[in-house]
Every structure is written in structure tokens, then in C-alpha cells.
Number of protein chains: 2
Amino acid sequence: MSHGTGVHVGDRARREIVVAASIEDVAVRAGVSTATVSRALRGLPNVSPETRRRVLAAAHALDYVASPSASSLASGRMSTVGVITPYLGRWFFGTVIGGAEAELRVAGHDLLLYTIGGEGHRYRFFDQLPLRRRVDAVLVLTLPMEGDEVEAVRSLGMPVSIVGARVEGFSSVRIDDVAGAELGVRHLVALGHRRIGLISGGRTESNRFTAPTDRSAGYRRVLVEAGLPVDPALDVDGEFTVAGGERAMAELLGRPEPPTAVFAQSDEMAFGALRAVRRAGLSCPGDVSLCGFDDHEMADLFDLTTVAQPVQEQGVLAARQVLAALSGGEYPQASVLPTSLVVRGTTAPPGSP
Amino acid sequence: MSHGTGVHVGDRARREIVVAASIEDVAVRAGVSTATVSRALRGLPNVSPETRRRVLAAAHALDYVASPSASSLASGRMSTVGVITPYLGRWFFGTVIGGAEAELRVAGHDLLLYTIGGEGHRYRFFDQLPLRRRVDAVLVLTLPMEGDEVEAVRSLGMPVSIVGARVEGFSSVRIDDVAGAELGVRHLVALGHRRIGLISGGRTESNRFTAPTDRSAGYRRVLVEAGLPVDPALDVDGEFTVAGGERAMAELLGRPEPPTAVFAQSDEMAFGALRAVRRAGLSCPGDVSLCGFDDHEMADLFDLTTVAQPVQEQGVLAARQVLAALSGGEYPQASVLPTSLVVRGTTAPPGSP
DNA sequence: TTGAAAGCGCTAACAA
DNA sequence: TTGTTAGCGCTTTCAA
């Protein structure tokens, strides 16, 4: 194959094959050196306007795009950020990644995806760290990491931002889970509820994954503030799943003295809880009020009162954090985003019709 | 900085910085040439077992990972597949991508993500084709492409697989939408329904996006087969959204002679339709039966009867198609996956209690 | 089976 | 402001 020529080769019979133009082709056409082409195209200073114009024209005419492998090899920069996520199908993760991607794209970075849901994959991932020489920075999505996993990521020696947890030495983006839970439970108390149940998530998770712990803490704090008893019998694990939420609510409704309101630590668990209410032949909020957490895209559909968290924005901020670090800015840094209460139809004063 | 040494450098005060080992380091340590290291590590033939053993040992000792930019530059292969998707937050897309990623990972390929939801992004994407020199192949997810967009993608000159549509010259993975719709509507007919409404999706979309057209065709064919009239007044656009489905169902229920059953072309529209039923003070399936399409992860929650399509598998197959093309296999090829009926609680004979 | 050597297409010192 | 030149770390002929 001849050296890149930037012209169509091959005969008429076959579909034309385009040999991509190289920086050399552009240099020749613009009558300058490759170094000048590189400078002009990357917008570096010290290029005369006239020269830059000629280079741009030549590049455009040849439909030139720099080879990322060549520039990465020469510069040591990958212009790529790795995103590690436990699931993809779930609304929260997809939405966070969407936010991050948009932000990275604008800064000229690509997004390399690593889903490590299955335990096998997970082991291989942290053991081999396949993104070692492929990316400049890493975004880790709500993934309770073990101690050695944290060290593995740290050994990458690049900027890391964690969404949904805080780890020493890494940047992070979180919401104030304690305050969020308080918002929801206070709403229930304000409506007049005195027996408020809790459907919590993942008791057995790593302690770095602070969402369940913090949301439980917020729940308890409000009860105490309001002078209400904290009854362990009203705290049931819903495992952060729809099915778990359904089981948990069924259990709560089966108590000798069932709660008149329930705070679920996630909307998905709340959806399951709603089904349990329906299956028990009861109504929400008639027999029991329910408040969720997330403002899942389906929450509106269920008319679910919930505590909203900004989701896309968490991805955007995480991306900004690593981009800042890559350009010499402050690192690590921690962002905490606010939550807000969205009142819909599943909450009402106790004993409402 | 010295040539890659594979050892820790820097003084005690600062955190150790690891300079990655290069192929040269491995070669020296194993007492062979870099060419042999390359061959041994990639599992090429013509390397004696003893040599391979020594090379692997050296590579392991130095914690060596080949630089992807260097090998890409030298070989011309990127070992990366680009995925173009309109949204990420939606269950369908996330799940397809998850399937594709797992398959690609096993084959040693990375997944580069391009979300082009916003129209601005879309234009820039097809105009500039940022993945031109970054990937070896492309997966396009259910994205109605315009003619010039198709040509832009074709001009990449690499294997392409489309999920959810069929385009001449590209591989594709689809479900049999006609047969799927027939499955759902036949179920309604079998229950005894004679007035069956249709909530269709996106009438205004490109004609390359065959799902709505095909599903409508299946609906009509079953009616005709059953000797039932095809009433245009019972065919309403739901725009493939929850809100659209709700509006469409409200409209159908407001007809002088409302249908006793409705077939929605997507589960999300069916979810909206269920809400419309509830808001109209009616019950499902008591007053009207409803069948969806997709078997969305929330379908079970709504107890929705629906036509299930394999989702993750579509991603897996699309990945396999481009991987096959990359290793010289048949291209293009088209896969059509079967659908199945999932009967739940939203369908019953007309006039059931 | 192994090695020598020539690139792959860029970037970044350094010189001019 | 621009050009020269030496790599970046691999892969791949071609020879041995």
C-alpha cells in the first residue's frame, strides 16, 4: 500500500476505498512542515493567521482527521475517559453516563465503557485493569468497592471521580442523602403520621456505599426530632429492588400495628411497595402513605411522592472534576448536590378517604 | 524521564509513580527480541513453548501491558467498536449495549460510546464522524437514519451492524415485528374481542425505522384474518412515549363506540394507557383489555400482558456480526429474532368482572 | 523459530 | 513564526 495519499484508490468495479490523508499530505498541500500543521490544527499559538488558514483549507480539502493512536503515542494523552458502572439497563446509571458523556465530548474526550455487573467480570476487571493504558481518567459509578479494589484503581495513578460514594484521595459527586431522607420523612410527619415505616436498601453492602446508611440516619433523626419512637420492627430491608420493596411492604402491612406511612429509600422499592399495597386490597394514600427516593422517570407514572436527586448533573459534575484534574486543576474535590421533595399523590394525612 | 524501566521511581516523600514497562523491557528480561515478545504475548504460532514461557514470566514480573496506541498505530487495528445510540437512560438501549459490551469484551474489544440524542449533537456527529479513525466497527441502535446519514456511516468503510432496522449493505439485528404484533392481537381476538384499538408509535419517523409500520401491519392482518373491520378511528398515535400512550388511550376511551381491547406498540405507551384507564374511572381488564410490546422490565410490575422481545441478545448478536466481519467472515448478514407472548393480568375476555 | 529493521502518524524539543 | 529531528512503543516483513 502506498503511503497515505488522501485520494480514492481501487478500480471502478469495486467500491472506492479511501486511504485517509496523513499529516504529511496536509503539510505538502499547505506548503508547510508537519509540525506547523500539527500546531495549526490544534489551535496552538505561534502560528500566523495566514498559515493557519492555509493549513485549515488543506486539511479540509483532504478531509483530514488526525490519527488518535498516533497522537496518543506521541503525546502520552489518550483523550479518553473510562466509565465503570455496575449496570447499564437501569435508568439511574444510563442517565448519569449520558450526562458525563455530553460533558466529555465537548472537551474532546471519548468515553470508554466498562460494565462490571457480573462478579466474574468484576474480578477480572480489578485484577487486570484493562483500561490501564487506554484512558486518562476514570469515572466510577455507585459501586461499593472493596479495599483492594480501591487500591487497584488508585494504582492507575490517574484522576478518578466516584459518583455516589466518597473515597479518600478520589474526587466524588454525591447527594446529601441524610438531608434528602429528612425531607421525605419530615413531609410524612408534617402530614400527621406518627407510625412511619422504613424500607431500606442493601444492609449487607460495603460501608463505602453510604446511601442506605445515610438515608436511614436521616429517617431516624426526623423521628427523634419529632419525639416519635424508632421502632426496629418498622425497618425492613428492600434490597434496592422492586421485588424486595414489595416483600418489605407486605411485611410491614402484616405487622400487628402497621405503619400509616412508609418511607422507601428508592423509587424502585416504592414501586414494589405500591404493588404490595394493592395486592393487600388496601389503597395508597388511603390506608398507607408512601414516599420514595430518586424521582425515577416512572415515579410520575405511579403518581409517587418522592425525594428528587439530580441525576444527569451528577454525571456532568464527575466529568468536570476529572477534566479539571487533567488540566492541572484542583484534585481531588468533592461535590455534594441538593435534593428536593416532589409531592404527588401517594402521600396524604393519615385516615384520608 | 528515562526510557521505560518498569520500576518504581520518585523519592520516598512523594507517592511512588510507576513508569509502565515497555516491550523492550520484557524482551531484555526474557533474553529475546521485541518481535518475539510480541508474538509470544499475542499467542501467535511459531514460538517455542520454552520461549513463550519465559516471555510470559517476564511480562508478568514487570506487570506489562501493551500500549494500545502503539499497537494500533503499528497494526492499523483499533480493537474498539463504536456504539451509536439515541438515548442511554432508557432500559432498552442500556440493555442492548450491555449485551454488546459483554460480547465485545470477550473478543478483546473495547466499546466507545456515542450518544446522539440532541439534534445538534446529531448533526455534528454525522458531519464530522468523530469515530472515523478510532474504531474498527460500528453498532447503530434503533436510530432512524436519514439518507445522507446512512451514506456518512457507509463512508467509514467499516463493518456496521444496525439494531432495529434494516439498511442495505449493513448487517442488522431485528425482531419480526409483524409476527410479534400478530401474536398480541391474536391473543385479544382469541379472548373474544371484536373491537380492538391500536396505539401506534411515531407515524412521522423515517421509513427505515420499520417497527411501527410492521407492528401496524401485523395488527391489521390479524383483524382481516378474523373478519373484523379495520376502523381508522381506533388507530391513534402514541408517539412511543408514556404521555403519548396516555393521551391515545384517553382518546380511544372517548370514542362513541370505544374498543374493548387495545394493542399498544410499546410497553411505555401501554403504561401511559393504563393510567388513562384509571383516570377515566375504568378498570383494566374489566372495562378494557390491554396488550403491550417489549416486555419492559416494569411490565411485570404493571401486570401487563405483552409481546416480549429478546433485548440483551440483540446487542450480543450485533456485536457478533461485526466481530465476524472483522475476522473475515460473512458480511453483511441479517438476523431476525423471534418474539413471544407473555400473558399477565391486563387481558381478559370482554365484559369480565 | 528467532532477530533486525523499517515503519505506523503523530508531537515536542530544539534550532533557525 | 517555522522547520528539523528524534522519538512514542508497538507490529510486520524479510532474512537468517
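In what follows, every chain begins at residue 1, and chains take the letters A, B, ... in the order their sequences are listed.
Residue A/Ser67 places no side-chain N or O under 4.0 Å from the OP1 or OP2 atom of C/dC8. Under 4.0 angstrom from either OP1 or OP2 of C/dT2 there lies at least one side-chain N or O belonging to B/Ser48.
For A/Arg54 and D/dT2, the CZ to C1' distance is 11 Å, given to the nearest whole Å. Rounding to whole angstrom units, CD of residue A/Glu24 and P of C/dG7 are separated by 13 Å.
In this structure the side chain of B/Tyr114 never reaches within 4.5 angstrom of the side chain of B/Val138, judged on heavy atoms. Put simply, the side chain of A/Leu113 reaches to within 4.5 Å of the side chain of A/Ile97, judged on heavy atoms. Between A/Arg29 and A/Val55, every side-chain heavy-atom pair lies at or beyond the 4.5 Å cut-off.
The side chain of B/Thr36 has C/dG3 as its nearest neighbour among C/dG3, C/dT1, C/dG9. Checking C/dG3, C/dC10, D/dT2 against the side-chain heavy atoms of B/Arg133 singles out C/dC10 as nearest.
Annotation for A/Ala40 and A/Arg52: closest pair O-NH1, 3.0 Å, computed over non-hydrogen atoms. What you find for B/Gly76 and B/Asp136 is that their closest heavy atoms are O-OD1, 4.4 Å.
Heavy atoms of A/Arg52 sit nowhere under 4.0 angstrom from any nucleic acid atom.
Taken over five-pair windows at either terminus, the axes of the helix from C/dT1-D/dA16 to C/dA16-D/dT1 are inclined to one another by 30° (rounded to 10 degrees).
Defined by atom type and a distance below 3.5 Å, a donor-acceptor pair is missing between the side-chain atoms of A/Arg320 and A/Ser335.
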Check the pair B/Val32 / B/Thr51 against side-chain contact (heavy atoms from CB on, under 4.5 Å), numbers first and verdict last.
CA-CA 8 Å; B/Val32 296; B/Thr51 305; 3.9 Å; yes
Is there any protein nitrogen or oxygen under 3.5 Å from a nitrogen or oxygen in nucleotides 11-13 of chain C, and what are the pairs?
{"from": "C/dT11", "atom 1": "OP2", "to": "A/Ser38", "atom 2": "OG", "distance (Å)": "2.3"}
{"from": "C/dA12", "atom 1": "OP1", "to": "A/Arg77", "atom 2": "NH2", "distance (Å)": "2.6"}
{"from": "C/dA12", "atom 1": "OP2", "to": "A/Arg42", "atom 2": "NH1", "distance (Å)": "3.0"}

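Comparing B/Ser33 and A/Val65, the nucleotide of DNA chain C nearest to each residue sits closer to the 5' end for B/Ser33.
The local environment of OH in B/Tyr87 is sparse, with at most 12 non-hydrogen atoms from other residues, nucleotides or ligands closer than 6.0 Å.
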